[in-house]
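Here the structure comes first, spelled out in structure tokens, and everything after it is commentary.
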Amino acid sequence: MAATHRLALLTALVTAAAATLSAATATAAPERAAACNGYVGLTFDDGPSGNTTRLLNALRQNGLRATMFNQGQYAAANPSLVRSQVAAGMWVGNHSYTHPHLTRLSQAQIDSEISRTQQAVASAGGGTPKLFRPPYGETNATVKSVAARHGLTEIIWQVDSQDWNGASTDAIVQAAGRLTNGQVILMHDWSANTLAAVPRIAQGLTARGLCAGMISPQTGRAVAPG
């Protein structure tokens with residue numbers, strides 16, 4: 001009887017150990033599933049604004065990082081929001097000082113728009129930007145050369161969320177769903193529909209094994225955060 005009892009006890013212990021191991025494996029599985037199979041660049045233009053704090057909270061709550069292409073005039077007026085962007089783990093880029101059509105300006109005017117923004121962002125605590133997005137995505141050889149002189153890489157986009165054009169939250173989520181590895185999406189800091197889309201954008205990226213990355217100044221593509 002004693003031997004039988006010991007055998008039963010041993011069997012129970014082995015069964016319990018197997019169950020524990022199985023549970024541990026099951027717990028680890030979602031972590032493996034969440035691994036990044038690629039990176040995309042989430043970008044928000046025209047900040048900082050009255051919507052910035054809510055946007056940063058939404059991004060952080062959903063585990064997303066993004067590049068904030070700030071206008072110099074707003075960075076100068078709201079330095080605390082620029083610091084908040086950095087504190088939230090975002091990268092800060094240059095989006096000109098007053099958002100003009102740069103291709104219609106002289107070289108000196110273009111230089112002023114870019115250099116004043118570099119200074120405004122740095123003075124606000126956002127570091128010295130390495131990325132530049134021309135307003136409206138409008139560029140030419142002069143714009144590119146001036147940006148390069150300031151150590152900036154020009155970043156346009158592969159996917160336009162159309163949030164600036166009144167796109168619905170559903171449409172913005174669908175646009176983000178078209179992103180592939182290395183691509184960049186255009187969104188805007190001030191858009192309420194984009195703010196509402198953030199949790200679903202995060203869910204969609206996770207489902208496809210994609211993560212929000214930084215934009216490489218060398219290639220202009222989204223890569224793993226450095």
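When a residue number appears, it is its place in the shown sequence, counting from 1.
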| Quick one: does Q158's side chain have a donor or acceptor within less than 3.5 Å of a partner on L179's backbone? | no
| message | List the residues meeting side chain to side chain contact (heavy atoms under 4.5 Å, CB included) with Q119, not counting sequence neighbours, and say none if there are none. | response | S123
| message | I'd like to know whether W91 forms a side-chain contact (heavy atoms from CB on, under 4.5 Å) with T67, so could you lay out the CA-CA distance, the side-chain angles of the two residues, the decisive distance to 0.1 Å, and finally the verdict. | response | CA-CA 5 Å; W91 301 278; T67 301; 3.9 Å; yes
| Nearest atoms (heavy-atom pairs only) where L59 meets A66 | CD1-CB, 4.3 Å
| query | Hey, are the side chains of D163 and N193 touching, using non-hydrogen atoms and a 4.5 Å cut-off? | reply | no
| request: Would you name the heavy atoms of A197 and I172 that are closest together and state the gap between them? | output: CB-CG2, 3.9 Å
| query | Got a sec, which pairs hit ring-ring contact (aromatic ring centres under 6.0 Å, His included) with one end in residues 189-226, sequence neighbours left out? | reply | H188-W190
| query | Is there a donor-acceptor pair under 3.5 Å between the side chain of T117 and the backbone N or O of Y97? | reply | yes
| Inter- and intrachain pairs under ring-ring contact (aromatic ring centres under 6.0 Å, His included), touching residues 100-133, at least two apart | H101-Y136
| query | Do the side chains of F44 and L55 get nearer than 4.5 Å, heavy atoms only? | reply | yes
| query | From S96 OG over to L102 CG, what is the distance, rounded to the nearest 0.5 angstrom? | reply | 5.5 Å
| query | Does a side chain donor of either Q109 or S112 reach within less than 3.5 Å of an acceptor in the other side chain? | reply | no
| pair L195-T169: side-chain heavy atoms closer than 4.5 Å | no
| message | Rounded to the nearest 0.5 Å, what separates atom CG in N70 from atom OG in S49? | response | 9.5 Å
| query | About how many Å separate CD1 of I155 and CG of L186, when rounded to the nearest 0.5 Å? | reply | 12.5 Å
| Spacing of L131 atom CG and F69 atom CZ [to the nearest 0.5 Å] | 5.0 Å
| said: Closer than 3.5 angstrom, by distance alone: can the side chain of R221 be matched with the main-chain N or O of N181 as a donor-acceptor pair? | reply: yes
| Value rounded to 0.5 Å, distance of CD in Q85 from CE in M68 | 5.0 Å
| message | I'd like to know if the side chain of N165 reaches the main chain of A167, judged simply by a donor and an acceptor atom lying under 3.5 Å from each other, with no hydrogens or angles considered. | response | no
| field | Transitive ILVMFWY side-chain link Y74 to V82, under 4.5 Å | value | no
| query | If you look at every heavy atom in A122 and T128, which pair is closest and at what distance? | reply | CB-OG1, 4.3 Å
| message | Filter on salt bridge (Lys or Arg N to Asp or Glu O under 4.0 Å), then keep only pairs touching residues 80-105, sequence neighbours left out; what's left? | response | none
| request: Please identify each residue that fulfils side chain to side chain donor-acceptor pair (under 3.5 Å) with R178, with sequence neighbours left out. | output: none
| task | State plainly whether one hydrophobic cluster holds both V159 and M187, where clusters connect Ile, Leu, Val, Met, Phe, Trp and Tyr through side-chain heavy atoms under 4.5 angstrom apart. | result | yes
| Between CZ on residue R116 and CG on residue N94, distance to nearest 0.5 Å | 11.5 Å
| field | Qualifying residues under salt bridge (Lys or Arg N to Asp or Glu O under 4.0 Å), relative to D45, sequence neighbours excluded | value | R133
| request: Return the set of residues passing side chain to side chain donor-acceptor pair (under 3.5 Å) with T139 (not counting sequence neighbours), or none when no residue passes. | output: E154
| query | Do H99 and D46 come within less than 4.5 Å of each other through their side chains, counting heavy atoms only? | reply | yes
| message | If you compare all heavy atoms of A176 against all heavy atoms of I201, which two are closest, and at what distance to 0.1 Å? | response | CB-CG1, 3.9 Å
| remark: Contacts of A212 meeting side chain to side chain contact (heavy atoms under 4.5 Å, CB included) (sequence neighbours excluded), chain-then-number -> L42, L64
| remark: Hits for side chain to side chain contact (heavy atoms under 4.5 Å, CB included) against H150, two or more places apart or cross-chain, chain-then-number order -> D111, I114, S115, V146, L152
| query | Shared ILVMFWY cluster between M90 and L81, side chains joined below 4.5 angstrom? | reply | no
| said: Applying side chain to side chain contact (heavy atoms under 4.5 Å, CB included), can you list everything that pairs with N140, at least two apart in sequence or on another chain? | reply: T103, T142, V143
| message | Show every salt bridge (Lys or Arg N to Asp or Glu O under 4.0 Å) that has at least one partner inside residues 185-206, sequence neighbours left out. | response | D170-R200
| remark: On a heavy-atom basis, the closest approach of V121 and P129 is CG1-CG, 3.7 Å
| What heavy-atom pair brings P217 and T153 nearest, and what distance separates the two atoms? | O-OG1, 2.6 Å
| said: Show every salt bridge (Lys or Arg N to Asp or Glu O under 4.0 Å) that has at least one partner inside residues 50-79, sequence neighbours left out. | reply: none
| request: Could you walk me through whether T43 and I215 pass side-chain contact (heavy atoms from CB on, under 4.5 Å), step by step? | output: CA-CA 9 Å; T43 68; I215 299 173; 3.6 Å; yes
| Donor-acceptor contact below 3.5 Å, side chain E113 vs main chain I110 | no
| field | Min side-chain heavy-atom separation T53-S84 under 4.5 Å | value | no
